[in-house]
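In what follows, every chain begins at residue 1, and chains take the letters A, B, ... in the order their sequences are listed.
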Protein chains: 2
Amino acid sequence: MKEDTELFGICPYVTSQKVLTGKWSLLILYHLSNGPVRFNELQRRLPHLTQATLSKQLKGLEGNGLVVRKEYQQLPPKVEYSLSSIGQRFQVVLDSLETWGHEYMDYMEEQQK
Amino acid sequence: MKEDTELFGICPYVTSQKVLTGKWSLLILYHLSNGPVRFNELQRRLPHLTQATLSKQLKGLEGNGLVVRKEYQQLPPKVEYSLSSIGQRFQVVLDSLETWGHEYMDYMEEQQK
DNA sequence: CGGGATCCAAAGCGATACTG
DNA sequence: CAGTATCGCTTTGGATCCCG
């Protein structure tokens with residue numbers, strides 16, 4: 001398999017884009033920004049994702065180091081997802097994206113007319 | 001075909017993520033941030049993209065309203081790509097992403113040790 | 001110069017069913 | 001509760017070739 005990871009770890013834009021690949025990454029990061037959330041709670045807040053999809057996205061984000069998974073050894077099982085320290089620092093990006101997103105939606109609505 | 005555009009135009013995160021889908025969108029937007037660039041020039045600055053891929057990505061960004069294509073009717077042909085006004089406002093996001101990207105790379109490098 | 005057309009392989013996503 | 005396994009479909013990206 002060809003690795004195009006050449007620019008990964010070099011260019012901040014390529015690196016960022018890789019991290020944000022998942023279709024739901026932004027939304028998930030947003031929902032984790034106010035502290036740890038359990039799997040089921042997360043799923044309830046994201047009705048458009050199935051369990052399988054949510055699980056995969058979380059694994060991705062965990063693999064990228066943005067999200068931390070904490071498992072409590074008990075019955076019934078309890079797992080909490082939260083932001084790592086670098087994940088928390090992503091909040092800045094999230095904020096600017098939220099602002100821009102609103103501007104964008106307004107802008108596009110204007111264009112329609 | 002099922003439209004999952006339900007949240008598009010409602011949630012700024014979903015909207016943003018759609019706009020940033022392309023594998024090279026961030027990089028392209030970055031290269032356009034200092035003024036109009038011709039197609040070939042853009043391609044020279046992005047050696048990892050083939051013409052076909054660059055063309056598709058540009059079409060995508062143009063369709064999303066972030067990029068403007070200006071064609072000069074002359075020989076030899078000349079086409080310039082630049083940021084629309086909403087595309088220019090994306091600069092804020094790009095800046096925060098660049099900062100965070102560097103932090104992220106440093107962070108991940110530390111983790112390696 | 002600035003693309004388009006075609007084709008293919010790979011990845012992504014989601015539905016469904018099952019599990020410790 | 002918090003997942004995993006499997007599968008099919010759709011979506012991308014990229015290679016290659018061709019064009020006004």
Side-chain angles (χ1 to χ4, degrees), chain A residues 1-8 11 13-14 17-28 31-32 36-64 67-82, chain B residues 1-8 11 13-14 17-28 31-32 36-64 67-82:
Chain A
M1 179 176 47
K2 178 97 175 307
E3 286 292 319
D4 89 292
T5 321
E6 307 167 64
L7 290 175
F8 187 82
C11 170
Y13 300 111
V14 175
Q17 196 123 50
K18 283 233 165 165
V19 168
L20 302 181
T21 42
K23 189 176 173 185
W24 304 100
S25 46
L26 291 178
L27 217 39
I28 293 175
H31 280 287
L32 292 182
V37 183
R38 297 181 61 170
F39 187 89
N40 261 16
E41 173 61 19
L42 208 46
Q43 202 190 331
R44 235 168 296 130
R45 297 196 201 169
L46 298 164
H48 294 276
L49 279 74
T50 61
Q51 286 177 339
T53 301
L54 179 55
S55 178
K56 279 185 220 167
Q57 306 275 319
L58 284 170
K59 270 196 182 303
L61 291 169
E62 193 192 354
N64 286 332
V67 164
V68 175
R69 193 188 103 112
K70 182 170 182 180
E71 184 173 357
Y72 295 84
Q73 285 298 348
Q74 60 178 51
L75 282 175
K78 175 178 174 181
V79 176
E80 278 183 348
Y81 290 90
S82 58
Chain B
M1 181 175 46
K2 178 99 173 308
E3 287 291 320
D4 87 292
T5 320
E6 306 168 64
L7 290 174
F8 187 81
C11 170
Y13 299 112
V14 175
Q17 196 121 50
K18 282 231 167 166
V19 168
L20 303 180
T21 41
K23 190 176 173 183
W24 304 100
S25 48
L26 292 178
L27 216 41
I28 293 175
H31 281 287
L32 293 181
V37 183
R38 297 181 62 171
F39 187 88
N40 262 15
E41 173 61 19
L42 209 46
Q43 202 190 331
R44 235 169 294 129
R45 297 196 202 170
L46 298 164
H48 294 277
L49 278 75
T50 62
Q51 287 177 339
T53 302
L54 178 57
S55 178
K56 278 184 220 169
Q57 305 276 319
L58 283 170
K59 269 197 182 302
L61 290 169
E62 194 192 353
N64 287 331
V67 164
V68 175
R69 194 188 103 111
K70 182 170 184 180
E71 185 173 356
Y72 295 84
Q73 285 298 348
Q74 61 177 50
L75 281 175
K78 176 179 173 182
V79 176
E80 278 183 348
Y81 290 91
S82 58

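Results of the side-chain contact (heavy atoms from CB on, under 4.5 Å) test with Trp24(B) over Leu54(B), Leu49(B), Leu58(B), Leu61(B) single out Leu49(B) as the only residue that passes.
Both Arg44(B) and Thr21(A) lie near DNA chain C, and the one whose nearest nucleotide falls closer to the 5' end is Arg44(B).
In this structure, the nucleotide among dG3(D), dT4(D), dG14(C) sitting nearest to the side chain of Phe39(A) is dG3(D). Comparing dA15(D), dA2(D), dG2(C) by their nearest atom to the side chain of Lys78(A) picks out dA2(D). Listed candidates were dG14(C), dA2(D), dG14(D). Nearest to the side chain of Lys23(A) is dG14(C). Here the nucleotide nearest the side chain of Trp24(B), chosen from dG3(C), dC1(D), dG14(D), is dG14(D). Closest to the Ala52(B) side chain, of the nucleotides dA15(D), dA2(D), dG3(C), is dA15(D).
Remark: P of dG12(C) and CG of Leu20(B) are 17 Å apart, rounded to the nearest angstrom. Counting to the nearest Å, the P atom of dG2(C) and the CZ atom of Arg69(B) are 10 Å from each other. As a whole-Å value, the separation of Leu61(B) CG from dG3(C) C1' is 16 Å. Straight-line distance from the CD atom of Gln43(A) to the C1' atom of dA2(D): 9 Å, rounded to whole Å. Whole-Å rounding puts the Leu75(A) CG to dC1(D) C1' distance at 10 Å. Between the CG atom of Leu54(B) and the P atom of dT12(D) there is a distance of 17 Å, rounded to whole Å. If you measure from atom NZ of Lys18(A) to atom C1' of dG13(D), you get 12 Å, rounded to the nearest angstrom. Whole-Å rounding puts the Leu58(A) CG to dC13(C) C1' distance at 15 Å.
Between Tyr81(A) and dC1(D) there is no side-chain N or O to OP1 or OP2 distance below 4.0 Å. In terms of phosphate contacts, Gln51(A) brings no side-chain nitrogen or oxygen within less than 4.0 Å of OP1 or OP2 of dA2(D). At the phosphate of dG14(C), OP1 or OP2 sits under 4.0 Å from a side-chain N or O atom of Thr53(A). Taking side-chain N and O atoms only, Lys56(B) has no distance below 4.0 Å to OP1 or OP2 of dG4(C). Between Arg38(A) and the phosphate of dA2(D), there is a side-chain N or O to OP1/OP2 separation shorter than 4.0 Å. Put simply, Lys59(A) has a side-chain N or O that comes within less than 4.0 Å of OP1 or OP2 on dT4(D).
Residue Arg38(B) comes nearest to Pro77(B) through the heavy atom pair NH2-O, 3.4 Å, listed as atom of the first residue, atom of the second, then distance. Of all heavy-atom pairs between Gln17(A) and Ser25(B), the closest is NE2-OG, 2.8 Å. A pairwise comparison of heavy atoms in Lys23(B) and Gln57(B) identifies N-OE1, 3.6 Å as the closest pair.
Ser55(B) comes within contact range of the sugar-phosphate backbone alone, with a heavy-atom separation under 4.0 Å but no base atom that close. Among the protein residues, Gln57(B) comes within range of the sugar-phosphate backbone only, with heavy atoms under 4.0 Å from sugar or phosphate atoms but none that close to a base.
Counting heavy atoms from C-beta outward, Val37(B) and His31(B) have side chains that stay 4.5 Å or more apart.
Below 30°, between 30° and 60°, or above 60°: for Phe39(A) and Tyr81(A) the angle between ring planes is between 30° and 60°, a tilted geometry.
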